2 protein chains.
Amino acid sequence: MNYENYGQMLKAMADPNRLKIIDLLSCGSLCACDILDHFDFTQPTLSHHMKVLQAAGIISARKEGKWQHYTLRPEFIDLFKRDTDTLLNASEHCVCDDGPLQENDSRKGVLTNEKD
Amino acid sequence: MNYENYGQMLKAMADPNRLKIIDLLSCGSLCACDILDHFDFTQPTLSHHMKVLQAAGIISARKEGKWQHYTLRPEFIDLFKRDTDTLLNASEHCVCDDGPLQENDSRKGVLTNEKD
DNA sequence: GTTAAATATAGATCATCATCTATATGTTGT
DNA sequence: ACAACATATAGATGATGATCTATATTTAAC
């Protein structure tokens, strides 16, 4: 489990407007102007949100004429569901199984418990 | 689907350190000092993170002597999985099925398409 | 080629956040 | 009571983020 990568996806999703965009795209691809119709904010703001979602690997963009078509990436859907399950279900080997640190523990100060 | 509430959970999770805390708690309850052993940051910073997780309904706290025991809330696990499925799977009725807004559309300017 | 439409970029602003140090509060054992 | 430990609170700081206005770029249509 890579906390950094999963965290990036979560951060990109952690905005009500972007959640709604993802929800819209879960039904199929849409172009920017169609998405914009569902919101109150300005076009540059939408452009910003779509960039954030792309940078997180959540959506892909395909230009067709003057339209940008956005699609929810299946790889994201798979990875996100997988990471969520890994996080919320107790895994076979838990970080906490390593026990607390002792005074002369070699792990002290170093994050060797990382599951990344 | 309540984007605001789901967004709050996501925002609270959208930090690598808090993700690791959740991962630790997925194996069972832990007290603050045991959690702190797995990190490099200071005790007040942990205190802050635990508050954020509590405020989002992700964990619960139970004081026992001088120890605070933290537990991953089963209700959170259920709700989060449910919301995630709702978001990523095309629902029967999609916002986009309503079609684009027309000039005299009564929906114009009002977010009546909300699925909340 | 000029106009209109769709989208992107630049730069600014205000809010939120992760972290720190310093200190306070509460609890247990002597 | 006092010392030691576990945790919380206050306040500051530097970074990041959501949004805006203004403007640029790209593309289709006439």
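Convention: sequence-line order gives letters A, B, ...; per-chain numbering from 1. Treat the numbers as computed from the prediction; the structure is a model and nothing was measured.
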Task: With sequence neighbours excluded, residues passing salt bridge (charged side-chain N to carboxylate O under 4.0 Å, His left out) with A:R18 - done: none

- [ ] Whole angstrom is fine here: how far is it from CH2 in A:W67 over to C1' in D:dA29?
- [x] 11 Å

Open item on the list: Restricting to non-hydrogen atoms, name the atom on B:Y3 and the atom on A:L19 that form the minimum distance, rounded to 0.1 Å.
Closed with: O-CD1, 3.4 Å

TODO: For DNA chain D, find the residues of residues 46-62 of chain A with a heavy-atom distance under 4.0 Å and give them by number; none if there aren't any.
DONE: A:H48, A:H49

Task: B:L30 to B:I35 - nearest heavy-atom pair and separation - done: CB-CG1, 3.9 Å

Task: Atom-pair distance (CD on B:Q68; C1' on D:dC5), nearest Å - done: 15 Å

Task: Rounded distance (Å) that lies between atom P of C:dA8 and atom NE2 of A:H69 - done: 12 Å

Polar-atom pairs under 3.5 Å, protein N or O versus N or O of nucleotides 20-27 of chain D: list them with distances, or write none.
residue: D:dC20; atom: OP2; partner: A:T42; partner atom: N; Å: 3.0
residue: D:dC20; atom: OP2; partner: A:T42; partner atom: OG1; Å: 3.0
residue: D:dC20; atom: OP2; partner: A:T45; partner atom: OG1; Å: 2.7

N/O donor to acceptor pairs below 3.5 angstrom from side-chain atoms of residues 53-65 of chain A, sequence neighbours left out:
residue: A:R62; atom: NH1; partner: A:E64; partner atom: OE1; Å: 2.6

Task: Near-strand residues of residues 7-19 of chain A, defined as heavy-atom separation under 4.0 angstrom from DNA chain D - done: A:K11, A:D15, A:N17, A:R18

Task: Check: A:Q68 and A:C31 side chains under 4.5 Å, non-hydrogen atoms - done: no

Task: Closest contact, heavy atoms only, A:Y70 versus A:L25 - done: O-CD2, 3.4 Å

- [ ] Any salt bridge (charged side-chain N to carboxylate O under 4.0 Å, His left out) involving residues 74-87 of chain A? Give me the pairs, sequence neighbours left out, ordered by first then second residue.
- [x] A:R73-A:E75

Task: Closest non-hydrogen atom pair, B:S26 against B:L72 - done: CA-CD2, 3.8 Å

- [ ] Using whole Å, report how far CG of A:L36 lies from C1' of C:dA8.
- [x] 13 Å

- [ ] Considering non-hydrogen atoms only, spot the tightest contact between A:L24 and A:F39 and give its length.
- [x] CD1-CE1, 4.1 Å

Open item on the list: Minimum heavy-atom separation for A:E4 and A:N2, please, with both atom names.
Closed with: N-OD1, 2.9 Å

